[in-house]
> 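Have a look at this one.
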Amino acid sequence: MKHLIAPSILAADFANLERDVKMINQSNADWFHLDVMDGRFVPNISFGIPVIKAINKVATKPLDVHLMIEQPENFVEQFVEIGASVITIHYEACNHIHRTIHKIKELGAKAGIALNPHTPVECLIDIIEDLDLVCLMSVNPGFGGQKFIYNTVPKTRRLKDMIIVKNASTLIEIDGGVGLQNAEKLLQAGADVLVAGSAVFKSQDPLDTIDKLKNIGKQIYNV
Ligand code: DX5
Ligand code: ZN
């Protein structure tokens, strides 16, 4: 599978949100990455249900919703209702991951788990086959524009090994500080989905940056 590019709307111009959503519609990007923050799980508040509902009216590509909120199980129904195609909850923010993942799937969306930089991928060993996606945070969640944490590269490889050994079809998504400078290394390590906020929206030519990210060659990582 060719890798996917998911521009993060957190870095868009909120005063011109419709314009930026339409720009992504016309680009070679694959998904919209939408960061929901509650000011408790992460030290920041971003946007929530009404804004995503409005984005869904204009967006023509799948909505990849990254819930950086405590007790996400209380909200997954609403996010599916307003158009989420992928819902990712944090391992560190939910006591009943298995139940919540299956709830998301029963509702008809794809289900993902995100791991903070300090959380080892090995914690997923008993649930990896149930997951459509694992999001490895390559920054501490809460803000766009942070520096990429390099340990994410070997961590991606370890996760890829686990997926291969388990014969699972889980996608690996990398989120935070991703751009043209590290995309190739991440793809070689096994990444399938690259989230890019600042790298896309703060670049001179976002459409061209998306093209470049999309056209990076992928070499399959062999165990
Ligand atoms: C961070 C968010 C990211 C963020 C990425 O908490 O989960 O999705 O928007 O932004 P950049 O690409 O600017 O690091
Ligand atoms: Zn995110």
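Predicted model, so just to flag it, every value in this text is computed and none were measured.
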> If you count every heavy atom of other residues, nucleotides or ligands that lies below 6.0 Å from Lys110 atom NZ, does the total exceed 12?
no
> How far does CG of Asn95 sit from CD of Glu70, to the nearest 0.5 angstrom?
10.0 Å
> When you measure from the side chain of Asn215 to the backbone of Asp211, do you find a donor-acceptor pair of N or O atoms at a distance under 3.5 Å?
yes
> Compare all side-chain heavy atoms of Asn28 with those of Ile5 and state whether any distance is below 4.5 angstrom.
no
> Mind checking whether Val58 and Val36 sit in one hydrophobic cluster, side chains of I, L, V, M, F, W, Y counted as touching below 4.5 Å?
yes
> Hey, can you tell me if Phe14 and Phe47 have their rings parallel, tilted or perpendicular (30° and 60° cut-offs)?
perpendicular
> Where is the tightest heavy-atom contact between Gly179 and Ala199, given as atom of each residue plus distance?
CA-CB, 3.8 Å
> Is a donor on one side and an acceptor on the other found under 3.5 Å between the side chain of Lys160 and the backbone of Ala189?
no
> Report yes or no: does Gln146 contribute a side-chain atom to a donor-acceptor pair with the main-chain N or O of Asn140 at less than 3.5 Å?
yes
> Quick one: do Ile49 and Met68 end up in the same hydrophobic cluster if we chain Ile, Leu, Val, Met, Phe, Trp and Tyr together by side-chain heavy atoms under 4.5 Å apart?
yes
> Is there a donor-acceptor pair closer than 3.5 Å between any side-chain N or O of Thr100 and the backbone N or O of His96?
yes
> Does atom CG of Asn74 have more than 12 heavy-atom neighbours, drawn from other residues, nucleotides or ligands, at distances under 6.0 Å?
yes
> Is Trp31 close to Glu173 at the side-chain level, that is, under 4.5 Å between some pair of heavy atoms?
yes
> Taking only residues two or more places apart in sequence, or in another chain, which ones meet Phe148 in a ring pair (Phe, Tyr, Trp, His ring centres under 6.0 Å)?
none
> Could you check whether any side-chain N or O of Asp20 sits under 3.5 Å from a backbone N or O of Ala12, counting only pairs where one atom can act as donor and the other as acceptor?
no
> Taking the side chain as everything from C-beta on, heavy atoms only, tell me whether Leu171 gets closer than 4.5 Å to Asp132.
no
> Would you please test Glu129 and Asn167 for side-chain contact (heavy atoms from CB on, under 4.5 Å) and show each step?
CA-CA 8 Å; Glu129 291 145 291; Asn167 204 15; over 6 Å; no
> Just to verify, what does Ser203 make a side chain to side chain contact (heavy atoms under 4.5 Å, CB included) with, not counting sequence neighbours?
Pro206, Thr209
> May I ask you to test the Phe41-Ile69 pair for a side-chain heavy-atom distance under 4.5 Å?
no
> Find the distance between CD1 (Ile55) and CG (Leu17) and round it off to the nearest 0.5 Å.
4.5 Å
> For Leu124 and Leu115, what are the C-alpha separation, side-chain angles and deciding distance, and is it a side-chain contact (heavy atoms from CB on, under 4.5 Å)?
CA-CA 10 Å; Leu124 299 174; Leu115 300 182; 3.8 Å; yes
> Check this for me, if you would: do Arg19 and Asp13 make a salt bridge, where the nitrogen-to-carboxylate-oxygen distance has to be below 4.0 angstrom?
yes
> Heavy atoms, side chains only, cut-off 4.5 Å: are Pro120 and Arg158 in contact?
yes
> Going by salt bridge (Lys or Arg N to Asp or Glu O under 4.0 Å), name the residues that satisfy it together with Asp208, two or more places apart in sequence or in a different chain.
Lys212
> Rounded to the nearest 0.5 Å, how far does NE2 of His118 lie from CD1 of Ile149?
11.0 Å
> Could you pull out the closest heavy-atom pair between Lys103 and Glu73, with the gap in Å?
NZ-O, 3.1 Å
> For residues Val134 and Ile128, determine if any side-chain heavy atom of one lies less than 4.5 Å from a side-chain heavy atom of the other.
yes
> Under a single-linkage definition using a 4.5 Å side-chain heavy-atom cutoff for Ile, Leu, Val, Met, Phe, Trp and Tyr, are Leu194 and Leu34 assigned to the same hydrophobic cluster?
yes
> So which atom in Gly176 and which in Ser138 form the shortest heavy-atom distance, rounded to 0.1 Å?
O-OG, 2.7 Å
> Working note: Val86 + Phe32, criterion side-chain contact (heavy atoms from CB on, under 4.5 Å); need CA distance, chi angles, decisive distance, verdict.
CA-CA 10 Å; Val86 184; Phe32 285 88; over 6 Å; no
> Using every non-hydrogen atom in the two residues, find where Gly144 and Ser198 come nearest and quote the distance to one decimal.
C-OG, 4.3 Å
> From Ile210 CD1 over to Phe201 CZ, what is the distance, rounded to the nearest 0.5 angstrom?
6.5 Å
> Which distance, rounded to the nearest 0.5 Å, do you find between the NZ of Lys166 and the CG of Asp126?
6.0 Å
> Should the pair Glu81-Lys53 be classified as a salt bridge under the 4.0 Å nitrogen-to-oxygen rule?
no
> Please confirm whether the backbone N or O of Thr119 pairs with a side-chain atom of Lys155, one donor and one acceptor, at under 3.5 Å?
yes
> Between Thr88 and Ile113, which heavy-atom pair has the shortest distance, and what is it?
CG2-C, 3.7 Å
> Between Ser85 and Asp64, is there a side-chain heavy-atom distance shorter than 4.5 Å?
no
> Test side-chain contact (heavy atoms from CB on, under 4.5 Å) on Ile89 and Ile97; report intermediate values, then the result.
CA-CA 8 Å; Ile89 60 170; Ile97 291 274; 4.0 Å; yes
> Hydrophobic cluster membership, with links at side-chain heavy-atom distances under 4.5 Å among I/L/V/M/F/W/Y: are Tyr150 and Leu187 in one?
yes
> For the residue pair Ser8 and Asp35, confirm or rule out a side-chain donor-acceptor distance under 3.5 Å.
yes
> Is a donor on one side and an acceptor on the other found under 3.5 Å between the side chain of Lys214 and the backbone of His3?
yes
> Verify the cluster assignment for Met137 and Leu67: are they in a single hydrophobic cluster under the rule of side-chain heavy atoms below 4.5 Å apart?
no
> Is a donor on one side and an acceptor on the other found under 3.5 Å between the side chain of Asn182 and the backbone of Gly177?
yes
> Does Cys94 offer a backbone N or O that forms a donor-acceptor pair with the side chain of Gln71 under 3.5 Å?
no
> I want to check something: taking the side chain as every heavy atom from C-beta on, are Ile172 and Leu186 in contact at a cut-off of under 4.5 Å?
no
> Salt bridge between Lys105 and Asp130, side-chain N to carboxylate O under 4.0 Å?
no
> Show the nearest heavy-atom pair for residues Asp30 and Leu4, with the distance to one decimal.
OD2-CA, 3.3 Å
